[in-house]
Amino acid sequence: MTDDATGRLRSRREPPALVPVTVVRRKALTPRLLRLTFEGPDIHTMASEPAASVRLLVPSPGTDELVLPAWNGNEFLLPGEVRPALRTFTPLTADTPDRLDLEIVRHAGGVVSNWAEHVDPGRPAAISGPGRGAEFADDADDFHLLGDETATPAIAQLLERLPSAASVRVHAEVDRDDAIRPLPAHPGATVEWHVRAPADPPGSCLVTAAEAIVDVGPTTHIWAAGEAASMQRIRKILLEGRGLSRAQATIRGYWKPARPAAPRPSRY
């Protein structure tokens, strides 16, 4: 991030410190999704709000050693100004207070995904967080939740926390049929799964779902998360095309496709 006037690097707010944790369990939820359980002091405080975020640090590819990066005012960097294997996930409450679950989409070439496929219990990692969760107006009672596979953990949390009298419509996009997973029951919710065609860009099903949202009122809130470019399109559809106020829309780009020459951090 640069200052528009000077062109110099502008400092960003430093995120919470990375806290050492240990892997205690790995479980396959679907052929596309792994759940890892971590243990560490005060880790339970990181799952306090629905749809919040934490950063997971794992050893860099080719090594089992975990090296904590330093904050340079703009990002975390390892010695030699090397970017660490650091990705963002939705923190989930685990079975005991000193544990935390993270769900990781399995995909070829993902630095954290590859690590998660083979990591054994007892191996080290580090977690920073939490980032802010979802916030809705007190009178909101009409919800649309849109997300891809990286967003289904947050959608599951929201279904558990939204008022039971609310109307909730969920649109979830997956890459294949066997990625569809059970979501928590909500008395006012309808859930529609969309299997994206291989030739279509990520988030295309969610963009189509957003285009179909026409009946919005003052108590409507739309929460959407997934691939960044598709989220930009959804933001434009809802804020410009539907006249939804910014207070009524929570739209988050969770990840970007990796660039061959310069990989970008992703949600998973």
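Predicted, not measured: the structure shown is a model, and the values here were computed from it.
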- Heavy-atom check, side chain of W115 versus side chain of R87, under 4.5 Å: no

- So do the side chains of L34 and E103 get within less than 4.5 Å of each other, counting heavy atoms only? no

- Message: Looking only at the aromatic ring of each residue, does the gap between the centers of H194 and H171 stay below 6.0 angstrom?
- Response: yes

- Donor-acceptor contact present, side-chain E49 to main-chain G133, <3.5 Å: yes

- N-O pairing of R196 and D148 below 4.0 Å: no

- Item | Backbone N/O of V105 and side chain of E149: donor-acceptor pair under 3.5 Å | no

- Should I222 and F143 count as side-chain neighbours, where that means a heavy-atom distance under 4.5 Å? no

- Task: Please confirm whether the backbone N or O of R99 pairs with a side-chain atom of E39, one donor and one acceptor, at under 3.5 Å?
- Result: no

- Query: In terms of side-chain heavy atoms, does S164 have a donor or acceptor partner in H186 at a distance below 3.5 Å?
  - Reply: no

- Message: I'd like to know if the side chain of S128 reaches the main chain of P16, judged simply by a donor and an acceptor atom lying under 3.5 Å from each other, with no hydrogens or angles considered.
- Response: yes

- Who pairs with E75 by salt bridge (Lys or Arg N to Asp or Glu O under 4.0 Å), at least two apart in sequence or on another chain? R83

- Is the side chain of T63 donor-acceptor paired with the backbone N or O of P59 at a distance under 3.5 Å, no angle test? no

- Task: Measure from the side-chain N and O atoms of R242 to the backbone N and O of E211, and report whether any donor-acceptor pair falls under 3.5 Å.
- Result: yes

- Query: Between R106 and E117, does at least one N-O distance fall below 4.0 Å, as a salt bridge requires?
  - Reply: yes

- Message: Contact between L68 and L57 at the side-chain level, heavy atoms closer than 4.5 Å - yes or no?
- Response: yes

- Message: Testing the 3.5 Å rule here: is there a donor-acceptor pair between the side chains of W193 and D177?
- Response: no

- Message: Does any part of the side chain of I43, heavy atoms only, come nearer than 4.5 Å to the side chain of V19, both counted from C-beta?
- Response: no

- Does R32 reach the main-chain N or O of R176 with its side chain, forming a donor-acceptor pair under 3.5 Å? no

- Please answer whether the main-chain N or O of I237 pairs with a side-chain N or O of R233 as donor and acceptor at a distance below 3.5 Å. no

- Distance from I104 atom CD1 to D101 atom CG, nearest 0.5 Å? 10.5 Å

- Are Q248 and S245 linked by a side-chain donor-acceptor pair shorter than 3.5 Å? yes

- Indicate yes or no for a side-chain donor-acceptor contact from T219 to the backbone of D139 under 3.5 Å, with no hydrogens or angles considered. no

- Item | Neighbour count above 12 (heavy atom, 6.0 Å) for E160 CD | yes

- Query: Is any side-chain heavy atom of T150 closer than 4.5 Å to a side-chain heavy atom of F89?
  - Reply: no

- Item | Candidate list I251, T250, L146, test side chain to side chain contact (heavy atoms under 4.5 Å, CB included), partner W223, passing option | T250

